[in-house]
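Remember, it's 1-based here, ligands and their atoms both numbered in the order they're listed. Keep in mind it's a predicted model, so treat the numbers as computed, not measured.
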Amino acid sequence: MTDLPAQRGGKPVVRFAPSPTGFLHIGGARTALFNWLYARHHGGTFLLRIEDTDRERNNEAAVAAILDGLRWLELGWDGEPVSQFSRAGRHREVANEMLKRGRAYRCWSQPAEIEAAREAAKAAGRAQIFESPWRDRDPAAAPAGVEPAIRLKSPRTGETTVRDNVQGTVTFPNKDLDDLIILRSDGNPTYNLAVVVDDHDMAVTHVIRGVDHLTNAARQTQIYEAMGWPVPEFAHVPLIHGPDGAKLSKRHGALGIEAYRAMGYLPAALRNYLVRLGWAHGNDEIIPTERLVEWFGLDGIGKSPARFDYAKLTDLNGHYIRNATDAELVRRIEDILPEIEGGPALAAKLAAGGRARLEAAMGGLKDRAKTLLEIVDGAHYLFAARPLELDDKARALLDAPARATIAALLPRLLAVADWQAAEIEAAVRAHADATGLKLGKVAQPLRAALTGRAVSPPVFDVMAQIGREDALARLEDQAA
Ligand code: GLU
């Protein structure tokens, strides 16, 4: 994490500013996506700032997970990520500058005193904001040996207005906003100060983030004004709710982005789904990323919270899977195999020559799957060991007459010269014609014997994909 970028003539500068206290969750990913789209739409700059000031709750693993999540979602940022913690010196400098300008003051009030004042206000039914006696008191009266905090001298009357691109004009009576601590007595900057100083120094023009930061926007506005700095444009985006309408939480399966990856969602599908959680372009549902970049704007962001719906995400993912190239799907499956059940064994098979077999079968597999995991499940027959394990439906299909049909068909299959789907189909059809059986009566037992299941890609394709030797051996295993 290094130097700050210079001013960028006329183009918007946005940032994603996650606190690395956990993984990149769905709400954070959507905030990142909105910022990324805004920057790309306008040819602007998308910066990344890691808000790592809370040293106790921060950890390297969380930072790595956030960066990995953004990379996987293909939301590339410009320049190096900025560490907020590394800028603490600059935050202190600004707090001191505010002191000098008379826009902040030193406060020696101790936690017990603040708490007592709050309790008294509560008992008297007054607003519970703390009014520090040091706002007007002579610092010469300061107690010895006590380090002061620095508080913003915020306006006591009037109101602070946030003009928000999503929420509209929101006013906060100043009497409800207490004199915010900007620098703690241990010399550490507080959150709102750090955000304002960083956004200013990074030349951020548009702050796009969750609506849970709306009150912070008012406090931050007061800091901008105290410093005489221009206030950026704000866009506070509604939160994401669970299917029951309550704020999305772990209870709803609000997982880190890496969990969606491991469930077999494609980044393009997730981007498309996430953008629709809060932003709309008419009734369009399927919007490829190029179109999103072309169409995205703050005016398309609605005010009401969106509901997270797995079924919709999964359907959308199915669409992206059907439209992905076979090679991309193989690559993405290989990427997640280390993380999924039975994945490492399949990875070994793919590495030992199975990759081509999987790619050749992908056309039939992707039509039947909505996630990569469903493709993996559907592809089980490609690598299944003999004798195949039969599921209940396949076992039911392979009754005595069905096994006899397979036995009777085998000589014709043995005679197929060119082991291609069309040739195999011709042989099976000839057998059906000769015996008066319907094609399905022959094909279903074949499917059960070849795949161990009652559902699979077209059975002639299956035989071609697994090859002559394997196909005939599997059929022999079940013939009677
Ligand atoms: N670090 C804050 C968060 O994770 C975001 C602050 C901001 O975007 O201004 O919610």
Between Leu382 and Ala361, the two heavy atoms sitting closest are CD1-CB, 3.7 Å
Can you tell me if His206 and Asn35 form a side-chain donor-acceptor pair at under 3.5 Å?
no
Contact set, ligand 1, heavy-atom distance under 4.0 Å, ordered by chain/number, equals Arg15, Ala17, Pro18, Ser19, Glu51, Tyr191, Val195, Arg209, His213
Exercise. Sub-3.5 Å donor-acceptor pair from the side chain of Arg368 to the main-chain atoms of Gly364, do we have one?
Worked result: yes
**OP:** Fit a plane to each ring of His42 and Tyr38, take the angle between them on a 0 to 90° scale, and name the class: parallel (under 30°), tilted (30 to 60°) or perpendicular (over 60°).
**Re:** tilted
Only residue of Trp279, Phe296, Phe16 satisfying ring pair (Phe, Tyr, Trp, His ring centres under 6.0 Å) with Phe34 is Phe296
Under 4.0 Å between a side-chain nitrogen and a carboxylate oxygen: does that hold for Arg271 and Glu74? yes
